[in-house]
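Note sheet for the following structure.
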Amino acid sequence: MILEVADIQIEPGRQADFEAAAHHGLSTVFPKAKGFQGYEVRQSIESSERYLLLLRWDTLEDHTVGFRQSPGFAEWRAIVASYFVKAPFVEHFSLCCVGE
């Protein structure tokens, strides 16, 4: 399993609208993507315009090739991109250890 982490900064005062749009896109666009396992969205306590989008994929290629090169990616960006202050910073992580 690969964890995609997208660090998102949105425009001030648009949190509720962004959250609604993100939920809509995440629940309608992503489930159609090959290898998509699920997601979480976390809002920063210290900086309320900052969000972490945590997406779980079967493989790196399911995200970087399968989803990124699909019409679903354009659909997702059309739903949420107007809220972004800048393009999200995205990295991928593999699991190396687990604690309690």
Side-chain angles (χ1 to χ4, degrees):
M1 191 269 302
I2 299 298
L3 179 67
E4 172 195 356
V5 178
D7 190 341
I8 300 171
Q9 183 79 29
I10 66 161
E11 296 175 358
R14 300 189 71 196
Q15 290 91 330
D17 291 339
F18 169 73
E19 290 173 20
H23 176 69
H24 169 70
L26 289 161
S27 63
T28 61
V29 176
F30 282 87
K32 296 182 253 179
K34 177 185 177 290
F36 177 71
Q37 295 182 8
Y39 70 91
E40 288 182 40
V41 179
R42 302 279 181 127
Q43 183 182 26
S44 171
I45 295 169
E46 291 81 12
S47 304
S48 65
E49 295 89 17
R50 184 176 178 203
Y51 291 84
L52 290 180
L53 174 58
L54 310 170
L55 299 142
R56 296 179 308 279
W57 298 94
D58 287 342
T59 68
L60 179 63
E61 293 74 20
D62 284 336
H63 175 239
T64 58
V65 178
F67 182 70
R68 281 283 183 104
Q69 295 179 11
S70 76
F73 181 69
E75 185 179 354
W76 162 246
R77 290 304 290 253
I79 293 169
V80 296
S82 67
Y83 299 96
F84 299 165
V85 170
K86 59 185 176 185
F89 179 75
V90 177
E91 284 191 314
H92 300 89
F93 295 83
S94 60
L95 183 64
C96 61
C97 55
V98 176
E100 291 183 37

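Keep in mind the model is a prediction, meaning the values are calculated, not measured.
- Side-chain contact between Asp58 and Ile2 is absent, with no heavy atoms from C-beta onward closer than 4.5 Å.
- Both Phe93 and Leu52 are assigned to one and the same hydrophobic cluster, defined by single-linkage of ILVMFWY side chains at heavy-atom distances under 4.5 Å.
- Minimum heavy-atom separation, Ser82 to Glu11: O-OE2, 3.8 Å.
- Nearest heavy-atom pair, Ala21 versus Tyr83, reported as atom, atom and distance to 0.1 Å: CB-CE1, 3.7 Å.
- Taking CD1 of Ile8 as the reference point, atom OG of Ser44 lies at 13.0 Å (rounded to 0.5 Å).
- For the residue pair Ile79 and Val29, the shortest heavy atom distance occurs at CD1-CG2, 4.0 Å.
- In terms of modelled atom types and a separation under 3.5 Å, the side chain of Glu91 and the main chain of Val5 share no donor-acceptor contact.
- Residue-environment remark: NE2 (His23) stays at or below the threshold of 12 foreign heavy atoms within 6.0 Å.
- In this structure the side chain of Gln43 never reaches within 4.5 angstrom of the side chain of Phe18, judged on heavy atoms.
- For the pair Ser47/Gln9, no side-chain contact is recorded, criterion being any heavy-atom separation below 4.5 Å from C-beta on.
- Of all the heavy atoms in Glu49 and Pro12, the pair that sits closest is CG-CA, 3.6 Å.
- Not a single donor-acceptor pair under 3.5 Å links the side chain of Arg42 to the backbone N or O of Leu54.
- Note: the hydrophobic cluster containing Val65 does not contain Phe73 (ILVMFWY, side chain heavy atoms under 4.5 Å, direct or indirect links).
- The line from OG1 of Thr28 to CH2 of Trp76 is 9.0 Å long, rounded to the nearest 0.5 Å.
- Under the 4.5 Å side-chain heavy-atom criterion for grouping Ile, Leu, Val, Met, Phe, Trp and Tyr, Val41 is not connected to Val90 through any hydrophobic cluster.
- Screening Asp62, Leu60, Leu55 for a side chain to side chain contact (heavy atoms under 4.5 Å, CB included) involving Glu4 leaves a single residue, Leu55.
- Pairing each heavy atom of Ile10 with each of Tyr51, the nearest pair is CD1-CE1, 3.7 Å.
- Side-chain atoms of Gln15 come within 3.5 Å of backbone atoms of Gly13 as a donor-acceptor pair (strictly under, hydrogens ignored).
- We find the NE2-OG distance between His63 and Ser70 to be 9.5 Å, quoted to the nearest 0.5 Å.
- A distance below 6.0 Å separates the ring centres of Phe67 and Trp57.
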Could you go through the ring-ring contact (aromatic ring centres under 6.0 Å, His included) check for Phe30 and Tyr39 one step at a time?
CA-CA 9 Å; Phe30 282 87; Tyr39 70 91; 7.7 Å; no
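- More than 12 heavy atoms of other residues, nucleotides or ligands sit less than 6.0 Å from atom CZ of Arg56.
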